[in-house]
Peer 1: 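Have a look at the structure that comes next, please.
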Amino acid sequence: MTFAYGARSFARLSRAEWTKFRTVRGWVLGMVAAVLVTVGLGLFAASGSHSSCGGPDDVCPAVPIGPDGQAVDDKFFFVHRALNGDGSITVRVTSLTGRIRLPDVTPGVRREVPRVEPWAKAGVIVKDGTRQGAAYAALMVTGRHGVRLQHDFVHDTAGGRSGVSETAPRWLRLVRSGGELTGYESADGRRWAKVGTARPQGLPATVRIGLFAACPGDLTVTQADLGGAIAASRFAQATAVFDHVSLQGEMSGGAWRHDDIGAAKEPDGAIHHPGGVVRTGGTFTVTGVGDIAPRTDGQTIEKTLSGLLAGLIVVVVVAVVFVTAEYRRGLIRTTLLAGPRRGRTLTAKAVVIAAVTFAAGLIAAGVTVPLGAHVLRANGNDILPVGPLTELRVVAGTAALLAVTAVLALALGTVVRRGTVAITGAIALVVLPRVLATTSVLPVEASRWLLRVTPAAGFAIQQSIPAYPQVTAFFSPQAGYYPLSPWAGFAVSCGYAALALALAVLALRRRDA
Amino acid sequence: MSGEAIIEVTGLRKRFGPAVALDGMSFTVRPGRVTGFVGPNGAGKSTTMRVVLGLDAADEGTALVGGRPYRSLREPLRHVGALLDAAALQPGRSARGHLLWLAHSQGLGARRVDEVIEQVGLRSVARRKAGGFSLGMRQRLGIAAALLGDPPVFMLDEPVNGLDPEGIIWIRDLLRSLAAQGRAVLVSSHLMSELQGAADHLIVVGRGRVIADTGVADLITAASRGRVTVRTPEPERAMRALARAGAAGTVTEGDELTVSGLPGERIVAVLTAHAVPFSEVMAQRVTLEEAYLELTRDAVEFHAATGREAVR
């Protein structure tokens, strides 16, 4: 049996299975229904989702966009000068302290305690001006994550693990050479260790260089009464003390300036939770609130696919019936007469249902995601923007997930030969874990395990915004953050489908038809 | 075509739990004639066909089509045309759609589909959903599927079932013409009458094995051999006289005896010698149906009696 014959035979069997599929109107309509349900429910939900910010003209402030196109938080206190061309800044940080507001005990009476947030950050920074979202590279000490070199919001390189205190100060140096920034750290200002190199996007010749401090809100996660969890973020600020500040290179624009970047104004014009700087001789005490980081709260493009589960159930039904109808009518014998190599025949069937489902899924997601996002934006919602490749991954990945689930359902149908049993089984394996994990009925860690070990892990392929480890946020399945990376989760689903198909081939080969 | 047009079944055994379905089934279906495959329900006909077609696995024995196991055939429908269960159709799919996917699986095109639709006379309903077909139309569709690959071997399980008289004549003519083209045609039935006029050769099975493998004419002769009907007003005397002459007889009706062991001339002589009056002495010609019923009445007894035929 030559390979060429095998390939030709497989192509013929696949064509036959496609002819089988398209000649039953109910199945074709089923796929169309799956598309319509996904698109319809998604757009219906999007059209009903409105967002407004109040105020006289009801315009929400624009979310800053980083150099890579993603939405960012860019709020910090910045003490800076202009640097033309190459140069460097060296400082010694002698302290990093903070304050955190705790929940009020007496209503209206603030309770603040001195405490440093783990991701409180202060250090030296080079930035393309003072505009929110502008490219930057920053070398910093943090509350509990040691020295870090970060740039352009999403990139993070770890340096030494040690913290900062008056007895153990930390020296930081950031050197600019063309488009490249190199960070060094030192315990004594003499022996320096390189932290890393950053290449912020499109840094111009003249940049702002200086000191900064920022502090993300304090996050508390509490277990909800009925499963799930409640995350609350409260005000926190960080204060860093710098001395031995020295700049090298061609400085212009005169003395130090300072800006409370991204500060929110109260209705009376005062700044809400202002930062600040106090300069005593060569010592700078900088206080900042906010964060320089990718934004992780907000609507995501995959939220538009709220109708997908309904579509998925329709797909499961069609995929199961595609094989169990043959058992019910005895047609499986005719199929096996035409293709007596049973593994090949079943694989051809799987390929056809996968291809049909993928095409349907591509149409469904390809329409719903861009159109749904458009409707959401038109209704005043902020959507965390993603690049075209990520959007493609969400759309094609959704289609691929449908296809993989269809193969799983087909394989189950082949093994159990009973439509209702296989449909129930496939829904219990794929849809149920996803529903349990993403609605607040289970503890968060249980939800995460469901999304690691069940075929529902593949929904991770839809996650458009990654869970950045350097961002203080509650990355829960309920909020759309999966425990596995998109491709790892998808691989889990593929594994289940492949296993089920292998078992189905085995069962089909061993059984009398 | 003759090398390919042969079905060889050797020593098939198969059990379904405690029940023995096949118990050493062996036969050969030769080209150029219609071979009837008959036996009571549960004799193992359908199981044998499923084993030959690679659907069921036998516990022992081999089944070859054109010298090869079915599962190793390339484009199997071009080697064997089979009709197992005419009801095995997707109700929502049209007759043409059903044949089209079968054709595509064998690398055949829509033109061949239209040819066989024409051949079985389903053109007017080709685009109708098969779910609304009568049993006769389904049988025709099943025959069309078997014809699709223009194969040298045909295996049809109860194809006459549900056909009207016109359909029965049509299928007989079709089977005979396929055999006349040098193909091997195996047709099963649990009713011998359905095969009368269609089959040239018979494989009679019972309890999972072959009871008789014989030509239709030979079977009738063998079943009728030596039986004579005697009509007499004195059956008691006639019986005594014939028994003394070495014949066995039974009273079948009041004045009618069935006698075996003596030819008609000797019976006339014996009765005349004993002055037994008689009105009729006639050699029996059984029908195919009667011969078959006699064969299958007690499978074991007649298995031994016809063993010589099976070897031949």
Side-chain angles (χ1 to χ4, degrees), chain A residues 1-30 318 321-349 351-352 419 507-513, chain B residues 14 16 21 46-47 49-58 65 69-110 113 127 129-131 142 145-146 148-149 155 157:
Chain A
M1 207 51 56
T2 64
F3 174 77
Y5 169 72
R8 196 172 70 230
S9 159
F10 184 74
R12 284 173 175 174
L13 291 172
S14 302
R15 186 175 179 212
E17 291 298 332
W18 162 237
T19 307
K20 264 188 201 172
F21 185 87
R22 70 178 170 81
T23 50
V24 176
R25 189 182 299 163
W27 299 347
V28 176
L29 291 180
V318 173
V321 169
F322 189 40
V323 66
T324 56
E326 293 205 11
Y327 276 106
R328 197 166 151 210
R329 315 282 175 193
L331 196 58
I332 188 74
R333 296 206 183 98
T334 314
T335 298
L336 294 178
L337 287 184
R341 280 184 183 70
R342 299 183 177 186
R344 191 181 287 169
T345 300
L346 185 61
T347 308
K349 210 172 186 62
V351 163
V352 166
L508 191 62
R509 278 199 186 131
R510 287 216 330 236
R511 282 195 303 238
D512 284 344
Chain B
K14 185 171 179 64
F16 292 111
S46 294
T47 305
M49 285 187 154
R50 285 206 301 272
V51 169
V52 172
L53 293 168
L55 294 172
D56 285 11
V65 181
Y70 186 89
R71 288 200 194 192
S72 77
L73 296 174
R74 295 182 174 192
E75 284 111 26
L77 303 191
R78 294 173 185 240
H79 292 85
V80 185
L83 167 62
L84 291 183
D85 176 9
L89 293 167
Q90 182 69 32
R93 191 180 284 129
S94 71
R96 193 170 185 281
H98 177 71
L99 294 171
L100 199 58
W101 78 255
L102 275 171
H104 285 163
S105 73
Q106 310 297 304
L108 299 165
V113 168
R127 287 176 194 275
K129 286 182 179 179
L148 200 58
M155 294 180 68
D157 197 5

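Just so it is clear, the values below take in all heavy atoms, side chains as well, and ignore hydrogens, waters and symmetry mates. Per chain, numbering begins at 1; letters A, B, ... match sequence-line order. Here the structure is a predicted model, which is why all the values come from computation and not from measurement.
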Peer 1: Give me the atom names and distance for the closest heavy-atom approach of B/Ser105 to A/Ala338.
Peer 2: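 Scanning both residues, the minimum pair turns out to be OG-CB, 3.4 Å.
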Peer 1: Should the heavy atoms of other residues, nucleotides or ligands under 6.0 Å from CZ of B/Arg127 be counted, would the total exceed 12?
Peer 2: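 Counting neighbours around CZ of B/Arg127, 12 or fewer heavy atoms of other residues, nucleotides or ligands fall under 6.0 Å, so no.
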Peer 1: Under a 4.5 Å heavy-atom cut-off, does chain B meet the side chain of A/Thr334, its backbone, both or neither?
Peer 2: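 Backbone plus side chain of A/Thr334, per the 4.5 Å heavy-atom cut-off to chain B.
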Peer 1: Heavy-atom cut-off 4.5 Å, strictly under: side chain, backbone, both or neither for B/Leu89 against chain A?
Peer 2: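 The answer is the backbone of B/Leu89.
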Peer 1: With side chains defined as the heavy atoms from C-beta onward, is the minimum distance between B/Met155 and A/Leu337 less than 4.5 Å?
Peer 2: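 With C-beta onward as the side chain, the pair stays apart.
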Peer 1: Examine distances only and state if a side-chain atom of B/Arg93 and a backbone atom of A/Lys20 form a donor-acceptor pair shorter than 3.5 Å.
Peer 2: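 Yes; judged by distance alone, with no hydrogens or angles, the pair exists.
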Peer 1: So what's closer than 4.5 Å to chain B heavy atoms on A/Thr335: side chain, backbone, both or neither?
Peer 2: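 Both backbone and side chain.
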Peer 1: Quick one: what part of A/Trp27 sits under 4.5 Å from any heavy atom of chain B, side chain, backbone, both or neither?
Peer 2: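 Side chain of A/Trp27 only, per the 4.5 Å heavy-atom cut-off to chain B.
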Peer 1: Which atoms form the tightest heavy-atom contact between B/Asp56 and A/Ala513, and what is the distance?
Peer 2: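 Looking at all heavy atoms of both residues, the closest pair is OD1-O, 3.3 Å.
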Peer 1: Specify which of A/Glu17, A/Arg25, A/Glu326, A/Arg329 makes the most heavy-atom pairs with chain B at under 4.5 Å.
Peer 2: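 Top count of heavy-atom pairs under 4.5 Å with chain B: A/Arg329.
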Peer 1: Please state whether the side chain, the backbone, both or neither of A/Arg22 comes within less than 4.5 Å of a heavy atom of chain B.
Peer 2: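 When you check distances to chain B, only side chain atoms of A/Arg22 fall under 4.5 Å.
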Peer 1: If I take atom CZ from residue A/Arg341 and atom OG from residue B/Ser72, how far apart are they, to the nearest 0.5 angstrom?
Peer 2: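 If I round to the nearest 0.5 Å, the distance is 6.5 Å.
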Peer 1: Side chain, backbone, both or neither: which part of A/Arg8 has an atom under 4.5 Å from a heavy atom of chain B?
Peer 2: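 A/Arg8 touches chain B through side-chain heavy atoms alone.
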Peer 1: Which heavy-atom pair separates A/Thr19 from B/Gly97 by the least distance, and what is that distance?
Peer 2: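 That would be CG2-O, 4.4 Å.
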Peer 1: Looking only at heavy atoms and a cut-off of under 4.5 Å, which of B/Gly92, B/Pro91, B/Ser94, B/Gly149 has the most pairs with chain A?
Peer 2: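 Of the candidates given, the most pairs with chain A belong to B/Pro91.
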Peer 1: Mind listing the closest non-hydrogen atom pair of B/Gln90 and A/Val24 along with its distance?
Peer 2: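 Taking every non-hydrogen atom into account, CG-CG2, 3.6 Å.
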Peer 1: Compare every heavy atom of B/Leu73 with every heavy atom of A/Tyr5, then report the nearest pair and how far apart it is.
Peer 2: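 Minimum heavy-atom contact is OH-O, 4.5 Å.
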Peer 1: Relative to chain A, which segment of B/Ala87 carries a heavy atom at a distance below 4.5 Å: side chain, backbone, both, or neither?
Peer 2: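 The backbone, not the side chain.
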Peer 1: Measure the shortest side-chain to side-chain distance between A/Leu331 and B/His98 over non-hydrogen atoms and say whether it is less than 4.5 angstrom.
Peer 2: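 Yes, their side chains come closer than 4.5 Å.
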Peer 1: State whether the number of non-hydrogen atoms from other residues, nucleotides or ligands found under 6.0 Å of A/Arg328 atom CZ is greater than 12.
Peer 2: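 Not buried by this count: 12 neighbours or fewer within 6.0 Å.
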